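Just so it is clear: chains get the letters A, B, ... in the order the sequence lines come, proteins before strands, and each one is counted from 1. Computed from a predicted structure; not experimentally measured. Only heavy atoms go into these numbers, but all of them, side chains included; no hydrogens, no water, no symmetry mates.
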Amino acid sequence: VFEPIGFDAFGIHSENYALKVGVHPMELIPRNVANFRRQLERAGLMVDWRYAVDTTTPEYYKWTQWVFLQLLEKGLAYKKQAAVNWCPFDKTVLANEQVIGGACERCGTLVEQRLLEQWFFRITDYAGRLLANLDTLDWSEGTKSAQRNWIGKSQGAEIAFIVQDVMEYAGSAMATAGQSGELTAKAIEIRVFTTRPDTIFGATYLVLSPEHPLVSTSATDDQRKEVAAYVARSAKQDLVSRKTSKEKTGVFTGGYATNPATGQPIPIWIADYVLMEYGTGAIMAVPGHDERDHEFALQYDLPIVRVIANETHTAEAPIGDAAFLETTGCHLVNSARFNGLSVSEGMSAIVTELAAKGAAIPVVNYRLHDWCISRQRYWGPPIPMIYCDACGAVPVPEDQLPVLLPALEDFRPDDSGISPLERATEWYHTTCPSCGAAARRETDVSDTFLDSAWYFLRYPSTDRDDVPFGDAMTRKWLPVHSYIGGNEHAVLHLLYARFVTMVLHDAGFIDFEEPFTRFRAHGMIVREGAKMSKSKGNVVNPDDYINEWGADAFRTYLMFLGPYEEGGDFRDKGISGVKRFLDRLWRSVHDARTEGALDADVQRKLHQTIKKVTQDVPRLSYNTAIAAMMEYMNAMRSDERTPHVAEVTPLVQLVSPFAPHIAEELWSLLGNATSVFDSRWPSYDEALTIEDRITMAVQVDGKTRGTISVPRDVTQEQAMEAAMADQSIAKFVVGVPRKIIFVKGRMLNIVL
RNA sequence: GCCCGGGUGGCGGAAUCGGUAGACGCAGAGGACUCAAAAUCCUCCAGCACGAGAGUGCUAUACGAGUUCGAGUCUCGUCCCGGGUACCA
């Protein structure tokens, strides 16, 4: 087993902490890393420190920059001006994944929208694969489902609605209905995305997002002023209030488009409930069968038509006060030649027919957005790009990596949207790698999640400075066979790491495309029933507990207090049970006898315990493994019995992964010259785990009425005889049993 | 709203295939040892009813149905808690 560890200490969280305590991160981070390492070693963490990584060292981020260049080369990294999430407190942009309910995931400040030039990774190109591969991964179900939702695949169609006779007039365009154009009249199309093409006969109006490029084109002269005012108002409104308030507002453009299914003109509206970021930024509104459209139609008095019905509805049945959303067992009505088709038949028939006319194409849409990796902050790996007036954006050549992060005294971010790195003038002004002329460096640093999106590839090769990862070692140890982390990384780290791994696979650097074959999300440990938080002051500081109880009791208790994947409740008093167990182990070994016979019952319990622990550990069932060892301890010491050396020795080995310090000491005391961790894991004999007499439950009519002690391989007849011999059972058996259920070695049920 | 988890004694939690519900531990009660305390060791500990007692019976895994000889476990419905996500068309 190769188990390394690393420190990912770039990023806003570290930088903010540095600002708070007033120490430069270049000084602070190594100090904190040293403290973490001290605590981990003190707690007995057994990892291979020779292969540790620290993402803030030039030896590491050289290769983070290299990863960026690989994406750039493949056309998967690009810079664009876009409306991005801006955190006014942290003074930087954030990825969509870092915005939680409209607020910054780090500081909780409400996020604003800003139009800025940013670097993006084309993770959307991989949306289909990122989704499909999930089915092949042995991951916690909750984590997979969070990724599925985030990627958000929607199957549907893009449909074109034609707006006739849009006239060029005085340098702007306008649309008028039912008027043949003389001068420069032309037709334009508005494309919408829908997952319900079957309802197109019920599309009674179109809605454009206020940011839609055709907004002004669609507006007629008499509506122009009103439309412009509405668009201006919604542009001023920030993203958060627009997303949190469910109030729908809108304005009629005056224009009409033709519904390609009915051939009828329908009005074009602009409304804030349609988002520019998703689909085409325009929708066909079907108020009969969509909640939002229904609400809007009621508010603005737009027609509502039923096109989907179940057996109880007639085609004329009104929709009522809520949209009709059912689909199973429903059929199409008011849909001309498609009437009577089921919803799914209707979908494909309508798309096929519209597609033949060139008015529709089947489309898959994803909710996932490209990954914004630019950060206008100091504490991160500089993005290795140089801007030259003659050559444009030029990547830093690989042999000039790393682009070192300059030691900048005042690294405080400001509100300008420009990274503090611009103030490192000597660093900022450089020469163009391509033409040698004066040039400027990119001042943004990359998102910390890029550091952690590939670090697992680095571990086996930390001794190499000529390559990010060596072939032989990578093949030997990767992909990661067992990965454990918090579920809060489901749509962050775990998604980005999968994406970067796929890209590196496609570029031919590695021969696998999924980084983690098995992933388990650990649970959350709460303290006396409450979430731990610094502000509440109820966090568990390992140093205090190790001082009071010892490292072994502390770590064994952490594994005992609850199921690993569900977390548990850390209670200060609970640790005493584990401490008592370890004390008993200590005394048992010290007092162990070498003479006298072994007890058959204790031997059986020993083999059962070895079996149980051996099976529980790979399943992460640490709490039950520890419980089993406690049971064995109780059996070994029952009736004030003194355990034999042969009985305690294997227990010391079983305990060693949980309480390594005590185990090592006791192992030595037992006369071993080498480490307990170099000894063979104890084995068990299946035959010796089996009890020869068992206690079998006897039920009468399914109710347990007693137990009988019988040989393990008892037959039904013998069991019946034993059961009837027991008065407390026999008294319930009146008359002749109708049926006898006998499960060998388990139970007997007498049915009357 | 939707998607994942989850709901078992005073508490944390066990029950791997549908087969004795409550392992193991905490807290609690009683006892031994001790001048005393700590530590250690022993006994009891789901609830209710009946019984002097050994014990006996009934009820219990959020709630209500169902399947089954038998359900904490499977199916359907409802409620509650935790997490994720959301004008995503």
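The phosphate of B:C26 (OP1 or OP2) has no side-chain N or O of A:K573 nearer than 4.0 angstrom. Distances shown here put a side-chain N or O of A:T704 below 4.0 Å from the OP1 or OP2 atom of B:A21. One finds no side-chain N or O of A:T624 lying less than 4.0 angstrom from the OP1 or OP2 phosphate oxygen of B:C24.
Taking the C1' atom of each, B:A62 and B:G57 are spaced 27 Å apart, rounded to whole Å. Remark: the separation of the P atoms in B:C26 and B:C41 is 11 Å, to the nearest Å. Only the C1' atoms considered, B:A32 is 31 Å distant from B:G47, to the nearest whole Å. Look at the P atom in both B:G25 and B:U73: the space between them is 28 Å, to the nearest Å. Across B:U67 and B:C88, the matching P atoms stand 42 Å from one another, rounded to whole Å. For the P atom pair drawn from B:A89 and B:G22, the interatomic distance equals 50 Å after rounding to whole Å.
Residue contacts for A:T194: at a heavy-atom cut-off of 4.0 Å it reaches the sugar-phosphate backbone alone, with no base atom in range. Contacts of A:N634 with the nucleic acid, taken as non-hydrogen atoms under 4.0 Å apart, involve only primed sugar atoms and P, OP1 or OP2. A:R367 comes within 4.0 angstrom of a nucleotide base, judged by non-hydrogen atoms across all strands. Residue-level contact check: A:E291 touches neither bases nor backbone, having no heavy atom under 4.0 Å from any strand. Across all strands shown, A:R619 has heavy atoms under 4.0 Å from base atoms, whether or not it also approaches the sugar-phosphate. Within the 4.0 angstrom heavy-atom criterion, only backbone atoms of the sugar-phosphate kind lie near A:N623; the bases stay farther away. Here A:Q699 lies in heavy-atom contact (under 4.0 Å) with a base. At a threshold of 4.0 angstrom between heavy atoms, the contacts of A:K144 with the nucleic acid are absent.
When the nearest nucleotides of RNA chain B are assigned to A:R292 and A:D616 by heavy-atom distance, the more 5′-ward of the two goes with A:D616. Both A:R580 and A:R196 lie near RNA chain B, and the one whose nearest nucleotide falls closer to the 5' end is A:R580.
The cationic group of A:R705 lies under 6.0 Å from the six-membered ring centre of A:F732 and within 45° of the ring axis, placing it in a cation-pi geometry.
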Using residues 558-565 of chain A as the side-chain source, report each donor-acceptor pair under 3.5 Å to any protein atom, sequence neighbours left out, with the distance given to one decimal.
none

Residues A:V714, A:F742; criterion side chain to side chain contact (heavy atoms under 4.5 Å, CB included); working and verdict: CA-CA 10 Å; A:V714 69; A:F742 178 69; 4.1 Å; yes

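With hydrogens and angles left out, the side-chain atoms of A:N365 and A:S154 include no donor and acceptor closer than 3.5 Å.
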